Trainee: 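Structure provided below as structure tokens; questions to follow.
Proteins come first, then strands; the chains are lettered A, B, ... in the order of their sequence lines, and each starts at number 1. Everything quoted here is computed from the prediction, not taken from an experiment.
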There are 2 protein chains.
Amino acid sequence: MTTEEIILQAASKIFILKGMEGSRMQEIADEAGINKALLHYYFRSKENLFDRVFMEIKNRLIPKVHLSIEKSDGIRAFVTMFISEYIDLIKEIPYLPQFFIHEINRDPSKIIKILQSGELPFTKMQSMIDADISAGKIKPIKIEHLMVNMVSMILFPIVARPIIESILFGNDPQQFSLFLDERKSVVTDFVLQAIEIKNI
Amino acid sequence: MTTEEIILQAASKIFILKGMEGSRMQEIADEAGINKALLHYYFRSKENLFDRVFMEIKNRLIPKVHLSIEKSDGIRAFVTMFISEYIDLIKEIPYLPQFFIHEINRDPSKIIKILQSGELPFTKMQSMIDADISAGKIKPIKIEHLMVNMVSMILFPIVARPIIESILFGNDPQQFSLFLDERKSVVTDFVLQAIEIKNI
DNA sequence: GTCTATATGCAGATAGAC
DNA sequence: GTCTATCTGCATATAGAC
């Protein structure tokens with residue numbers, strides 16, 4: 001592992017935990033087991049280092065989302081798989097959603113530039129949905145609302161964790177963890193029920 | 001209006017926009033039209049000023065949430081009213097959700113202390129839901145999941161605005177604004193459909 | 001490439017005049 | 001109470017030895 005990779009990994013950890021403004025170059029250097037000056041030797045500035053970290057994270061995530069979309073053949077399969085895979089993904093990287101949300105609000109233009117490159121395959125999803133709608137299987141709903149609803153119900157509890165844990169579970173992390181486990185099936189059922197045509 | 005109130009109002013604006021770490025005392029002083037030293041005269045430290053602002057915001061918001069819960073008599077009315085009022089509330093204070101999310105993750109213990117005081121009337125909601133469940137009107141669902149689902153679908157799009165605006169709407173604020181307007185009825189329908197028993 | 005030492009700049013906080 | 005001027009400390013960044 002090269003020094004550059006060691007630095008990027010350390011910086012990634014600290015930045016994700018504390019954000020750009022909350023992180024200190026000293027802390028990143030300590031985490032990497034090297035000297036502060038070396039950070040500047042490799043990346044010139046904090047801003048530069050941050051941008052590189054942000055880009056690397058984005059490049060690791062986007063393919064995963066693509067994959068879960070491409071794999072499914074109908075809207076029901078898509079909803080089930082999407083929710084399941086998204087929740088699994090977040091368990092691996094629990095602080096990433098907060099980090100992303102904060103940084104895109106702190107400097108939206110940066111995100112806009114970084115996201116320009118890869119577009120998500122919405123056309124495929126849209127056609128899946130339209131097929132099921134015209135077949136009378138599901139209620140008419142715009143793909144934008146459906147996607148935002150699903151992503152919201154998955155990500156928001158993670159992002160708002162401290163407040164939910166406090167209000168609903170008396171600051172008991174175990175109870176919150178169980179709550180998250182339940183949500184995989186709860187949210188899936190919730191979404192499927194919401195979009196299905198009711199047989200009268 | 002006293003100087004203290006002017007300071008609090010200015011600090012509130014800056015802190016909400018930029019967060020605790022992203023805000024500068026100089027900027028708050030400029031916003032208030034006074035000198036930096038006066039901030040310290042009134043509030044001794046930045047930390048202190050921030051805590052006061054945070055407390056004031058909390059005291060302004062909690063009663064609103066209580067009210068919308070107390071007013072409704074059944075679960076359908078509650079869902080409809082809750083979503084509607086929450087979305088209206090956010091339109092007035094569009095940066096507040098991000099601010100809250102960031103600060104509770106930056107220093108969760110602070111929130112825990114501040115939130116200790118007032119509890120939300122969950123018992124009333126729970127009994128409303130239980131009544132409708134045993135009457136066979138709605139599907140069994142835990143109040144925790146229902147509440148989190150609703151709040152998520154309302155707040156997350158605001159919190160993730162830049163990324164949604166970028167991916168879904170090509171960075172067109174007007175399209176995003178229309179999208180938010182649609183959500184009042186879309187989310188209400190979505191939730192009601194999801195919890196209703198289907199007549200076969 | 002990696003280090004120690006140092007410069008530079010800025011933000012929070014204080015002293016003291018009015 | 002409100003100001004100007006100043007202190008102090010810290011974080012980013014650079015210089016220069018090895």
Side-chain angles (χ1 to χ4, degrees), chain A residues 1-57 95 98-99 102-103 105-107 109-111 113-114, chain B residues 1-57 95 98-99 102-103 105-107 109-111 113-114:
Chain A
M1 211 177 181
T2 68
T3 305
E4 184 171 328
E5 286 167 338
I6 291 170
I7 292 175
L8 279 172
Q9 192 172 314
S12 178
K13 178 176 171 184
I14 302 298
F15 278 140
I16 288 174
L17 276 173
K18 312 204 168 183
M20 159 75 174
E21 281 161 347
S23 299
R24 300 289 158 245
M25 293 295 263
Q26 184 61 60
E27 208 176 350
I28 293 171
D30 292 347
E31 177 71 30
I34 51 139
N35 192 276
K36 232 179 12 168
L38 213 52
L39 297 179
H40 288 93
Y41 174 78
Y42 276 95
F43 296 95
R44 224 181 67 242
S45 73
K46 184 185 181 182
E47 180 89 8
N48 241 295
L49 176 56
F50 179 81
D51 289 357
R52 269 293 298 277
V53 165
F54 201 98
M55 185 71 82
E56 304 262 320
I57 290 170
Y95 291 97
Q98 294 93 307
F99 167 77
H102 179 62
E103 295 302 332
N105 280 291
R106 196 179 60 84
D107 189 354
S109 61
K110 183 170 289 177
I111 304 303
K113 263 180 255 156
I114 289 178
Chain B
M1 211 175 179
T2 67
T3 305
E4 185 171 328
E5 286 167 338
I6 291 170
I7 291 174
L8 279 172
Q9 194 173 313
S12 179
K13 178 176 172 184
I14 303 297
F15 278 140
I16 288 174
L17 276 174
K18 312 204 168 183
M20 160 74 174
E21 281 161 346
S23 299
R24 302 286 159 245
M25 293 295 265
Q26 184 60 58
E27 207 176 352
I28 293 170
D30 292 347
E31 177 71 30
I34 53 141
N35 193 276
K36 228 179 16 165
L38 213 52
L39 297 179
H40 289 93
Y41 174 78
Y42 276 96
F43 296 95
R44 226 182 64 243
S45 72
K46 184 184 181 182
E47 180 89 8
N48 240 295
L49 176 56
F50 179 81
D51 288 357
R52 269 293 297 278
V53 166
F54 201 98
M55 184 73 81
E56 305 262 320
I57 290 171
Y95 290 97
Q98 293 94 306
F99 167 76
H102 179 62
E103 295 303 332
N105 280 290
R106 195 178 60 84
D107 189 354
S109 61
K110 183 169 289 175
I111 304 303
K113 262 179 255 157
I114 290 178

Trainee: With a 4.0 Å cutoff (strictly under), does any side-chain N or O of A:His40 reach OP1 or OP2 of D:dT14?
Mentor: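 No, outside the criterion.
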Trainee: Within this structure, what is the CG-to-C1' distance between A:Asn48 and D:dT12, rounded to whole angstrom?
Mentor: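 Rounded to the whole Å, the gap is 13 Å.
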Trainee: I need the NZ-P distance between A:Lys46 and D:dA11, as an integer number of Å.
Mentor: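 Value for this atom pair: 9 Å.
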Trainee: Do the side-chain N or O atoms of B:Thr3 get closer than 4.0 angstrom to the phosphate oxygens (OP1, OP2) of D:dG1?
Mentor: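 So the side chain of B:Thr3 is outside the cut-off, no N or O lying under 4.0 Å from OP1 or OP2 of D:dG1.
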Trainee: Take atom CD of A:Gln26 and atom P of D:dG9, then tell me their distance rounded to the nearest Å.
Mentor: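 Atom-to-atom, A:Gln26 to D:dG9, this comes out as 18 Å.
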Trainee: Roughly how many Å is it from OH in B:Tyr41 to C1' in C:dG16, rounded to a whole number?
Mentor: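 After rounding, the gap between these two atoms is 14 Å.
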Trainee: Does B:Tyr42 place a side-chain N or O at less than 4.0 Å from the phosphate oxygens OP1/OP2 of D:dT2?
Mentor: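 It does, given that an N or O in the side chain of B:Tyr42 lies less than 4.0 Å from OP1 or OP2 of D:dT2.
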Trainee: Can you tell me which residue among A:His102, A:Lys110, A:Glu103 is in a side chain to side chain contact (heavy atoms under 4.5 Å, CB included) with A:Met20?
Mentor: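 Only one of A:His102, A:Lys110, A:Glu103 forms a side chain to side chain contact (heavy atoms under 4.5 Å, CB included) with A:Met20, namely A:Glu103.
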Trainee: Could you tell me if the side chain of A:His40 sits less than 4.5 Å from the side chain of A:Met25, heavy atoms only?
Mentor: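 Heavy-atom side-chain distance check passes, below 4.5 Å.
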Trainee: Please state how far atom CD1 in B:Ile34 lies from atom P in D:dC3, giving the value in whole angstrom units.
Mentor: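 It is 7 Å, rounded to the nearest whole Å.
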Trainee: Give the rounded distance in Å between these two atoms: NZ of A:Lys36 and C1' of C:dT2.
Mentor: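 Computing the A:Lys36:NZ to C:dT2:C1' distance gives 15 Å.
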Trainee: Would you indicate whether A:Gln9, at its atom CD, is surrounded by more than 12 heavy atoms from other residues, nucleotides or ligands within a distance under 6.0 Å?
Mentor: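 It does not: A:Gln9 CD has 12 such atoms or fewer within range.
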Trainee: Over all strands shown, is B:Thr2 touching base, sugar-phosphate only, or nothing at heavy-atom distances under 4.0 angstrom?
Mentor: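 Contact class for B:Thr2: none.
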Trainee: Whole angstrom is fine here: how far is it from CZ in B:Phe50 over to C1' in C:dG12?
Mentor: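 Going from CZ in B:Phe50 over to C1' in C:dG12 covers 16 Å.
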Trainee: Would you indicate, yes or no, if D:dT12 has its OP1 or OP2 atom less than 4.0 angstrom from a side-chain nitrogen or oxygen of A:Ser45?
Mentor: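 No, no such contact exists.
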Trainee: Could you state the CG-C1' distance from B:Asp30 to C:dA11, rounded to the nearest angstrom?
Mentor: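 That distance rounds to 13 Å.
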Trainee: Do B:Lys18 and A:Glu21 come within less than 4.5 Å of each other through their side chains, counting heavy atoms only?
Mentor: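 They are not in contact (no side-chain heavy atoms under 4.5 Å apart), so the answer is no.
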